[in-house]
*Asks:* 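Would you mind keeping the following structure in view while I ask a few things?
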Amino acid sequence: MLEIQRVQQNKSDAIAGLKKRGISNAEELLDRVITLDQKRKDTQTKLDSILSESKTLAKDIGRLMKEGKKDEANAIKEKTSVLKEESKKLAEDQKNIENELIKALYDIPNVPHDSVPAGTNEEDNEEVRSWGTIPELHENNKPHWDLIKDYDIIDFDLGVKITGAGFPVYKGKGSRLLRAMVNFFLDEAAEAGYIEVQPPLVINEASGIGTGQLPDKEGQMYHITEDDLYLIPTAEVPITNMYRDVIVKPADLPIKNVGYTPCFRREAGSWGAHVRGLNRLHQFDKVEIVQITKPEDSYSTLEKMCEHVEGLLKKLELPYRVLRLCGGDLGFTSALTYDMEVYSAAQKRWLEVSSVSNFETYQANRLKLRYKNENNKTQLLHTLNGSALALPRILAAVIENNQDEKGIKIPDVLQKYTGFDRI
RNA sequence: AGAGGAGUGGCAGAGUGGUCGAAUGCACCGGUCUUGAAAACCGGCGUGCCGCAAGGUACCGGGGGUUCGAAUCCCUCCUCCUCUGCCA
């Protein structure tokens, strides 16, 4: 959630930023927050002074009782009961105002970074750079949903039988290839200084709120109602929430974590064109990198994280492009996001395989994730994360782009992980 | 899952209805002393909110209640420990 102070100080910037997301009533939203905050302050001032008076009187009563001046004490008691009623009412008002304020803040997305182009959808995303050459495939090349059947490496029907649509079964060399990639990605991240973690795959409500999946997007997560827990939609949630309510020692910054987890997404209502095969699933694997940095370091860190992701794609010899997402395509909590897309020569389209974002203080503000700066002041940190990488689409691109008449060639860097060089 | 016990500041640990935001020790930071360090001594040392500030206010696992007044009493939830049961 946005910092109220920042909204107040740079209101026009915030409005301009939110307009890039296509939010036309930005000024109205921000004014509401500012008004509510002022109301909150006023109420608190009143409440505090009443509480202060009550406290003083309570102490007087205690003293008088001890001195045996019961009548005097009782006289004061009457006064305090009036104050108590007032403070009770004010406390209730205060709570209501605070709830309204938080709700209002939850409704406002992050203010995009200056470099984010305005726009309404993916067509307005800006290509920053690209790499690699699109391979020429043989005449009878096939998309991955056919290849996986031909070589019997991924079975969707079996997944349907066990669970339902969107839960594939990886088999034999398919399963080995998946595991090989996970290991490759984790090793590369370790090499780049990320500390590996294995977080829970199930999170509580507070964690969902911390990273912004709740209260808005609960429909996207699988909800275990009996225990009121959620299946993680991404490792970002448990990993970032490790640092909820933490004041980090400056010496520990930047924090760099990597985690491999399955991810679970209901994807309610988002099925349709372009989601065949591995392109969109309810359960998929992902290696996620997360960094927590000082505010002044976050944008250079974002670039480094992109370099890391691009390094993986280069080693896998996959042609890719990097997009800077426009305001309309930008995630709710993100200030700047780069999407990495790999070109699938068989599907003849770009596949999003990674998304690297800087959330600035938006998540940290909800998480209460802070550090003591040089002036010994507690200050919000910046959070960043990126997929490095999302497995199914990478696997799809790898088998599609490396197919020939005789089968599928495994990229060189993966061979020591798979133990085989062809499928 | 059942029975019992417990949750207090970075840690340890006192505090069972009033002057307790909380003793004390350790850790940490600053200073004195010292060539330097250690020891000793002096001072500082939680977080949020309101306030220009002085200061005020809230927080003793979470939520609710009793009371003029709650770390302390009551209810409820959570977590941890011990024993029993079950289990990869």
Side-chain angles (χ1 to χ4, degrees), chain A residues 1-9 33-105 198-210 214-215 224-230 238 241-253 255 262 361 363-381:
Chain A
M1 80 189 155
L2 291 177
E3 296 167 83
I4 296 171
Q5 261 202 327
R6 195 179 130 193
V7 166
Q8 268 173 321
Q9 282 163 8
V33 164
I34 292 167
T35 309
L36 281 169
D37 191 48
Q38 193 52 52
K39 249 168 107 179
R40 191 195 107 249
K41 287 178 180 176
D42 294 345
T43 314
Q44 165 132 28
T45 307
K46 269 190 233 157
L47 177 60
D48 279 1
S49 72
I50 288 175
L51 286 175
S52 175
E53 204 180 335
S54 310
K55 252 171 100 162
T56 314
L57 291 175
K59 281 178 191 170
D60 287 346
I61 291 169
R63 193 172 34 82
L64 290 168
M65 291 294 222
K66 227 175 241 175
E67 290 168 8
K69 297 175 180 166
K70 223 174 164 186
D71 292 345
E72 279 182 57
N74 282 330
I76 299 177
K77 270 194 196 181
E78 276 175 43
K79 252 164 120 186
T80 57
S81 68
V82 176
L83 286 176
K84 196 181 179 181
E85 213 142 293
E86 273 181 66
S87 71
K88 219 172 186 172
K89 196 192 160 297
L90 275 172
E92 206 173 299
D93 288 351
Q94 178 79 339
K95 211 173 189 176
N96 289 336
I97 292 165
E98 270 169 18
N99 286 341
E100 255 185 274
L101 178 60
I102 284 173
K103 232 181 111 197
L105 280 168
Q198 278 205 34
L201 307 181
V202 176
I203 52 138
N204 57 26
E205 189 189 18
S207 294
I209 289 172
L214 295 174
I224 303 162
T225 51
E226 194 168 357
D227 299 294
D228 199 19
L229 297 171
Y230 298 84
N241 271 284
M242 297 197 301
Y243 305 98
R244 171 156 45 88
D245 283 321
V246 170
I247 297 178
V248 182
K249 288 199 211 95
D252 293 338
L253 293 167
I255 290 170
T361 59
Q363 286 185 330
N365 195 22
R366 284 200 190 185
L367 291 161
K368 296 195 180 63
L369 166 52
R370 296 158 297 173
Y371 80 115
K372 291 237 195 250
N373 69 13
E374 294 72 20
N375 306 320
N376 212 32
K377 246 191 104 180
T378 41
Q379 192 179 348
L380 291 172
L381 287 160

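What you are looking at is a predicted structure, and each value in this text was computed from that prediction instead of being measured. Order of the sequence lines fixes the chain letters, A, B, ..., with proteins taken first and strands second; residue numbering starts at 1 for each chain.
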*Asks:* Counting only Watson-Crick pairs (N1-N3 plus N6-O4 or O6-N4) and G-U wobbles (N1-O2, O6-N3), all under 3.5 Å, who is the partner of B/C73?
*Replies:*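 By the stated definition (distances under 3.5 Å), B/G65 pairs with B/C73.
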*Asks:* What is the pairing partner of B/A23, taking Watson-Crick or G-U wobble pairs with both distances under 3.5 Å in any strand?
*Replies:*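 The base-pairing partner of B/A23, which may sit in any strand shown, does not exist here.
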*Asks:* Between B/G63 and B/G9, how far is it from one P atom to the other, in whole Å?
*Replies:*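 So the two P atoms sit 15 Å from each other.
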*Asks:* Regarding A/Lys41, tell me which of base, sugar-phosphate or nothing describes its non-hydrogen contacts under 4.0 Å with the strands shown.
*Replies:*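 Touches sugar-phosphate only.
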*Asks:* Please tell me which of A/Asp48 and A/Thr80 maps to the more 5' nucleotide of RNA chain B, matching each residue to the nucleotide holding its nearest heavy atom.
*Replies:*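 Closest to the 5' end, via its nearest nucleotide, is A/Asp48.
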*Asks:* May I ask you to say what A/Leu57 touches in the nucleic acid, namely base, sugar-phosphate or nothing, with a heavy-atom cut-off under 4.0 Å?
*Replies:*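 Touches nothing.
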*Asks:* Decide side chain to side chain contact (heavy atoms under 4.5 Å, CB included) for A/Ile255 and A/Tyr243; before the verdict, give the C-alpha distance in whole Å, the side-chain angles of both, and the deciding distance to 0.1 Å.
*Replies:* CA-CA 10 Å; A/Ile255 290 170; A/Tyr243 305 98; 3.3 Å; yes
*Asks:* Excluding sequence neighbours, so at least two apart, what forms side chain to side chain donor-acceptor pair (under 3.5 Å) with A/Tyr371?
*Replies:*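 Scan of A/Tyr371 (side chain to side chain donor-acceptor pair (under 3.5 Å), adjacent residues dropped) gives none.
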*Asks:* Using atom C1' of each nucleotide, how far apart are B/G65 and B/A70 to the nearest Å?
*Replies:*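 Their C1' atoms lie roughly 11 Å apart.
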*Asks:* Distance between the P atoms of B/C42 and B/G25, in whole angstroms?
*Replies:*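 About 11 Å, rounded to a whole number of Å.
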*Asks:* Under a 3.5 Å limit for both distances, which nucleotide forms a Watson-Crick or G-U wobble pair with B/A14, could you say?
*Replies:*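 Paired with B/A14, as far as the under-3.5 Å criterion goes, is no nucleotide at all.
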*Asks:* Could you tell me whether A/Lys95 contacts a base, only the sugar-phosphate backbone, or nothing, with contacts defined as non-hydrogen atoms closer than 4.0 Å?
*Replies:*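 If one applies the 4.0 Å heavy-atom cut-off, A/Lys95 turns out to touch the sugar-phosphate alone, with no base involved.
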*Asks:* Tell me if a side-chain donor or acceptor on A/Thr43 pairs with a main-chain N or O of A/Lys39 at a distance below 3.5 Å.
*Replies:*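 Yes; at least one donor-acceptor contact below 3.5 Å.
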*Asks:* Please confirm whether the backbone N or O of A/Arg244 pairs with a side-chain atom of A/Asn241, one donor and one acceptor, at under 3.5 Å?
*Replies:*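 The answer is no, because no donor-acceptor pair under 3.5 Å joins these two groups.
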*Asks:* Between A/Lys89 and A/Asp93, does any side-chain N to carboxylate O distance fall below 4.0 Å?
*Replies:*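 Yes, this pair counts.
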*Asks:* Closer to the 5' end of RNA chain B via nearest nucleotide, is it A/Ser54 or A/Lys372?
*Replies:*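 Result of the comparison: A/Lys372.
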*Asks:* Work out how far the P atom of B/A27 is from that of B/C11, and round it to whole angstrom.
*Replies:*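 After rounding to an integer number of Å, I get 16 Å for this pair.
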*Asks:* For nucleotides B/G4 and B/C74, find the distance between their P atoms and express it as a whole number of Å.
*Replies:*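 So the two P atoms sit 16 Å from each other.
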*Asks:* Scan every strand shown for a Watson-Crick or G-U wobble partner of B/G48, both distances under 3.5 Å, and answer none if you come up empty.
*Replies:*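 Paired with B/G48, as far as the under-3.5 Å criterion goes, is B/U57.
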*Asks:* Please measure how far the C1' atom in B/A23 lies from the corresponding atom in B/G13, and state the result in whole Å.
*Replies:*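 Their C1' atoms lie roughly 10 Å apart.
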*Asks:* Need one value for A/Lys55: base, sugar-phosphate or nothing, where a base atom within 4.0 Å counts as base even if backbone is also close, heavy atoms only.
*Replies:*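 The answer is sugar-phosphate, as A/Lys55 gets under 4.0 Å only of primed atoms, P, OP1 or OP2.
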*Asks:* How would you give the extent of chain A contacts on RNA chain B, as first and last nucleotide 5' to 3' within a 4.0 Å heavy-atom cut-off?
*Replies:*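 Listing 5' to 3', RNA chain B meets chain A from B/G18 to B/G69.
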*Asks:* So, the side chain of A/Arg366 versus the backbone of A/Ile209: is there a donor-acceptor pair under 3.5 Å, distance only?
*Replies:*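 Yes: the side chain of A/Arg366 pairs with the backbone of A/Ile209.
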*Asks:* Taking the side chain as C-beta and beyond, is there a heavy-atom pair between A/Leu229 and A/Ile203 under 4.5 Å?
*Replies:*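 Result no, sub-4.5 Å side-chain heavy-atom pair not found.
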*Asks:* Once you apply the 3.5 Å cut-off to both distances, tell me the Watson-Crick or G-U wobble partner of B/G30, or none.
*Replies:*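 With both distances under 3.5 Å, B/G30 matches B/C42.
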*Asks:* What's the gap between B/U47 and B/U8 when it is taken at their C1' atoms, as a whole Å value?
*Replies:*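 It works out to 15 Å between them.
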*Asks:* Scan every strand shown for a Watson-Crick or G-U wobble partner of B/A6, both distances under 3.5 Å, and answer none if you come up empty.
*Replies:*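 Its partner is B/U79 (Watson-Crick or G-U wobble, both distances under 3.5 Å).
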*Asks:* Determine the Euclidean distance between corresponding P atoms of B/C26 and B/A38; express it in Å to zero decimal places.
*Replies:*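 To the nearest whole Å, 16 Å.
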*Asks:* Has the side chain of A/Asn365 got a donor or acceptor atom that lies under 3.5 Å from a matching backbone atom of A/Met1?
*Replies:*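 Indeed, once roles are kept as given, a pair shorter than 3.5 Å links the two residues.
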*Asks:* Need one value for A/Ser81: base, sugar-phosphate or nothing, where a base atom within 4.0 Å counts as base even if backbone is also close, heavy atoms only.
*Replies:*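 Nothing, no heavy atom under 4.0 Å.
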